[in-house]
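Note sheet for the following structure.
As the structure is a prediction and not an experimental result, all values here were calculated from the model.
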Amino acid sequence: MYWADSVVSNLTGDQLVSTGISPSGPIHVGNMREIITGDILYKASLDRGLKSRFIYLCDDLDPLRKVYPFLDSSYAKYVGVPLSYIPSPDGNGKYSDYFLKPFLETLQKINVNVEVISTTGLYKTGKLADAIDTAIKNRETIRKIMHEIAGYDLDESWYPYEPRCSKCGKINSSHVISYEYPYVHYKCEYCGNEGTSDIRTDDGKMPWRVEWPAKWYSLGVTIEPFGKDHAAAGGSYDTGKEIARQVFHINPPVPLMYERILLKGVGVMHSSTGISIPASEVVKFAPPEILRFLIAKNDPSRHIDFDPGLGLLNLIDDYEKIENAYFGLEKPNNENYKRIYEMSRIKILNAPEKINFRHIVNLIQIYKDDTSLLEALRRSGYNKEYIDHALRDEIETAKYWLDKYAPDNIKFSLSTKHIDLSEKEKTILSEFLNSVSGIEWTSENIHNVIYDIIGRNKIPPKDGFSLFYRVFIDRERGPRLGYFLANLDRNYVISRIKDLL
């Protein structure tokens with residue numbers, strides 16, 4: 001059974017799938033496992049006939065932890081201030097909205113329809129006031145849970161509430177003095193200010209380990225995916241589920257722990273270190289369904305190595321095979337191929353509409369104008385008289401990938417350079433000309449002709465293929481040879497070889 005279907009298989013009643021990401025910096029590919037996993041669980045619950053909602057909690061009342069590499073030094077004064085109270089890096093609006101906007105635009109492109117809820121808004125409208133009051137009244141129970149499960153030794157004066165200082169604006173530097181509903185009295189250890197916070201507003205927030213189960217309680221969350229860091233023994237899920245049971249008297253949501261997405265050759269992605277690829281960038285260099293496919297095809301318990309170079313081409317090839325299998329055009333290579341495709345696709349098709357992405361990558365390096373490119377596409381089976389909007393997007397995506405992420409061995413240009421040929425090489429090229437004059441110009445036929453020739457001449461395939469690459473792109477290696485030559489005009493291929501002979 002597909003992993004998402006397994007998670008929801010025994011659920012009954014209304015479901016609320018919840019996800020959350022802090023907009024403290026660019027929301028990257030690694031973060032996308034959270035939101036897409038949630039979306040897949042939501043769709044699986046709908047497919048099972050369950051009335052369901054899907055929410056994304058934007059943790060914009062979280063404080064700025066430090067001056068990240070992508071910020072200038074002027075942000076030092078905002079460390080400790082909630083993200084929704086810090087100016088945007090571009091000077092327009094709020095810090096949190098600056099990083100949220102491209103993320104939400106990306107979600108639209110990859111068919112994630114989610115209710116966006118601001119955590120600042122939850123506090124400001126009093127949605128969490130009851131949970132705060134309950135937590136403060138049960139702070140001894142919470143303190144005990146934190147000690148027994150997480151090993152935290154919290155002082156007896158500790159409160160599960162962090163006031164936002166009315167003077168300096170910081171939310172992690174105030175010490176609670178007393179509480180009398182609905183007011184928390186505090187002293188700020190940073191600036192010395194003494195003040196009062198109203199728990200019915202965003203004058204403060206609960207610490208994360210209390211806030212998480214408080215959100216489950218206040219919103220009615222029933223399913224939540226989360227990363228392995230929260231799932232560690234003594235981690236925030238272990239304490240959260242006990243706070244949920246003992247303090248809020250609810251059952252914790254059905255959990256789904258997911259592993260990290262690693263940037264191949266680099267490691268774990270973090271906005272705070274500048275080691276990441278923003279999700280908004282991925283949809284510039286890959287078709288939008290590929291970001292969904294990356295998550296949908298992998299079991300959440302397995303980490304993912306994301307390679308934006310050659311690995312991306314292979315990932316797209318895998319998607320196209322799954323798509324073809326779904327429509328009965330080739331044999332499936334995964335028992336869950338139907339569900340993987342359904343959870344990856346952006347729109348419902350009657351049959352595959354796209355030209356193979358690898359094919360586009362090759363063609364745009366051969367044909368530089370629309371007229372010749374369209375002719376080549378039509379030889380490949382494209383049946384329109386013009387390059388439509390969807391194909392234009394694919395072409396621009398492929399160009400961007402070639403420019404920014406493609407490895408050098410994928411890039412090429414047709415060569416006009418004269419090369420010196422050995423007698424053996426002349427023989428091979430001459431035999432090729434004689435053999436292809438009457439065949440149908442297809443990749444399979446061309447491949448078979450070349451393979452037969454180099455076999456008869458007892459030349460290793462690698463050396464034989466290398467000859468053709470040197471002739472046409474002045475390199476030792478290149479795209480799949482038969483496929484590549486089939487994309488070239490037959491007359492051009494013949495003319496180029498005759499000129500060299």
Side-chain angles (χ1 to χ4, degrees), residues 18 20-24 57-66 79-85 96 118-124 127-165 168-179 182-190 195 197-219 221 224 226-227 229-232 234-248 250 252:
S18 177
I21 303 170
S22 174
S24 57
L57 295 172
C58 175
D59 292 323
D60 53 0
L61 201 62
D62 286 0
L64 183 68
R65 304 293 179 188
K66 64 178 183 178
V79 172
V81 177
L83 303 176
S84 56
Y85 280 85
S96 51
S118 161
T119 298
T120 299
L122 289 179
Y123 282 99
K124 185 175 288 189
K127 183 71 176 178
L128 298 175
D130 177 50
I132 297 170
D133 181 57
T134 301
I136 292 177
K137 289 176 178 176
N138 291 272
R139 64 191 180 104
E140 286 302 318
T141 300
I142 296 175
R143 199 161 66 89
K144 183 180 178 182
I145 290 170
M146 298 287 272
H147 174 72
E148 293 179 348
I149 295 178
Y152 285 16
D153 290 320
L154 299 171
D155 190 89
E156 289 185 4
S157 63
W158 175 83
Y159 277 77
Y161 185 76
E162 299 170 337
R164 177 168 57 85
C165 179
C168 68
K170 296 184 185 296
I171 205 166
N172 58 357
S173 60
S174 296
H175 176 72
V176 176
I177 298 171
S178 63
Y179 169 69
Y183 301 109
V184 172
H185 306 283
Y186 67 86
K187 180 176 181 179
C188 179
E189 297 174 354
Y190 178 77
S197 291
D198 186 339
I199 67 167
R200 299 169 299 179
T201 71
D202 62 338
D203 282 352
K205 70 183 293 292
M206 291 170 278
W208 165 247
R209 285 185 182 244
V210 181
E211 184 183 81
W212 198 15
K215 288 174 177 175
W216 301 340
Y217 165 71
S218 301
L219 300 174
V221 177
E224 181 148 2
F226 50 85
D229 50 336
H230 295 306
S236 50
Y237 184 72
D238 275 359
T239 53
K241 65 185 179 183
E242 287 309 311
I243 293 171
R245 290 173 178 139
Q246 297 183 42
V247 175
F248 297 117
I250 61 169

*Heavy-atom distance under 4.5 Å between the side chains of Trp212 and Ser236, does that happen here?*
yes
*Please step through side chain to side chain contact (heavy atoms under 4.5 Å, CB included) for the pair Val184 and Ile132, ending with a clear verdict.*
CA-CA 11 Å; Val184 172; Ile132 297 170; 5.9 Å; no
*asked:* Can you tell me how far apart CE (Met146) and CG (Asp238) are? Round to the nearest 0.5 Å.
replied: 12.0 Å
*Check the pair Lys187, Ile177 against side chain to side chain contact (heavy atoms under 4.5 Å, CB included), reporting the backbone distance first and the verdict last.*
CA-CA 7 Å; Lys187 180 176 181 179; Ile177 298 171; 4.1 Å; yes
*asked:* Taking Val79's backbone N and O only, do any of them form a donor-acceptor pair with Lys66's side chain (distance below 3.5 Å, no angle check)?
replied: no
*List in chain and number order the residues that pass salt bridge (Lys or Arg N to Asp or Glu O under 4.0 Å) with Lys137, two or more places apart in sequence or in another chain; answer none if no residue qualifies.*
Asp133
*Are the side chain of Asp60 and the backbone N or O of Pro82 linked by a donor-acceptor pair below 3.5 Å?*
no
*Over 60° means perpendicular and under 30° means parallel, so classify the ring planes of Phe226 and Tyr237, tilted if in between.*
parallel
*Verify the distance criterion only: is there a donor paired with an acceptor across the side chains of Thr120 and Asp202 at less than 3.5 Å?*
no
*Identify the heavy atoms of Asn172 and Gly80 that sit nearest to each other, and give their distance.*
OD1-CA, 3.5 Å
*asked:* Return the CG to NZ distance between Leu128 and Lys205, rounded to the nearest 0.5 Å.
replied: 10.0 Å
*Give the intermediate values and the outcome of side chain to side chain contact (heavy atoms under 4.5 Å, CB included) for residues Ser218 and Asp130.*
CA-CA 8 Å; Ser218 301; Asp130 177 50; over 6 Å; no
*Does some side-chain heavy atom of Glu224 sit less than 4.5 Å from a side-chain heavy atom of Pro252?*
no
_Minimum side-chain heavy-atom gap Pro63-Lys170 below 4.5 Å_ = no
*Would you please name every residue forming a side-chain contact (heavy atoms from CB on, under 4.5 Å) with Val247, sequence neighbours left out?*
Thr134, Asn138, Thr141, Ile142, Ile243
*Would you say the side chain of Val81 lies within less than 4.5 Å of the side chain of Leu64, judging by non-hydrogen atoms?*
no
_Flag if over 12 foreign heavy atoms under 6.0 Å of NE2, His147_ = no
_Quick check: do Leu122 and Leu57 have side-chain heavy atoms less than 4.5 Å from each other?_
yes
*Could you tell me whether the side chain of Cys168 reaches within less than 4.5 Å of the side chain of Cys188, counting heavy atoms only?*
yes
*Please work out which of the three classes, parallel, tilted or perpendicular, describes the rings of Tyr217 and Phe248, given edges at 30° and 60°.*
parallel
*In Å, rounded to the nearest 0.5 Å, how long is the span from CG of Asp59 to OG of Ser96?*
11.0 Å
*Does the side chain to side chain contact (heavy atoms under 4.5 Å, CB included) test come out yes or no for Met206 and Tyr123, once each step is laid out?*
CA-CA 10 Å; Met206 291 170 278; Tyr123 282 99; 3.6 Å; yes
*Looking only at heavy atoms, which two atoms of Pro213 and Ala244 are closest? And how far apart?*
CB-N, 4.1 Å
*Quick one: does Arg209's side chain have a donor or acceptor within less than 3.5 Å of a partner on Gly235's backbone?*
yes
*Tell me, yes or no, whether the heavy-atom count around Glu140 atom CD, taken from other residues, nucleotides or ligands under 6.0 Å, exceeds 12.*
yes
*Could you list the residues that satisfy salt bridge (Lys or Arg N to Asp or Glu O under 4.0 Å) with Arg245, not counting sequence neighbours?*
Glu242
*Do you know the tightest heavy-atom contact between Asp198 and Tyr161?*
O-OH, 4.1 Å
*Tyr152 side chain near Thr239 side chain, heavy-atom distance below 4.5 Å*: no
*When rounded to the nearest 0.5 angstrom, what is the spacing between OG in Ser173 and OH in Tyr190?*
8.5 Å
*Would you find a donor on one side and an acceptor on the other, under 3.5 Å apart, between the side chain of Ser197 and the backbone of Asp203?*
yes
*Nearest-0.5 Å distance that lies between atom OG in Ser24 and atom CZ in Arg65*: 8.5 Å
*With no hydrogens and no angle check, is any side-chain donor or acceptor of Arg139 less than 3.5 Å from a backbone partner on Glu156?*
yes
*For Lys124, does its backbone N or O pair with a side-chain atom of Thr201 as donor and acceptor, under 3.5 Å?*
no
_If you compare all heavy atoms of Arg200 against all heavy atoms of Tyr183, which two are closest, and at what distance to 0.1 Å?_
NH2-OH, 3.6 Å
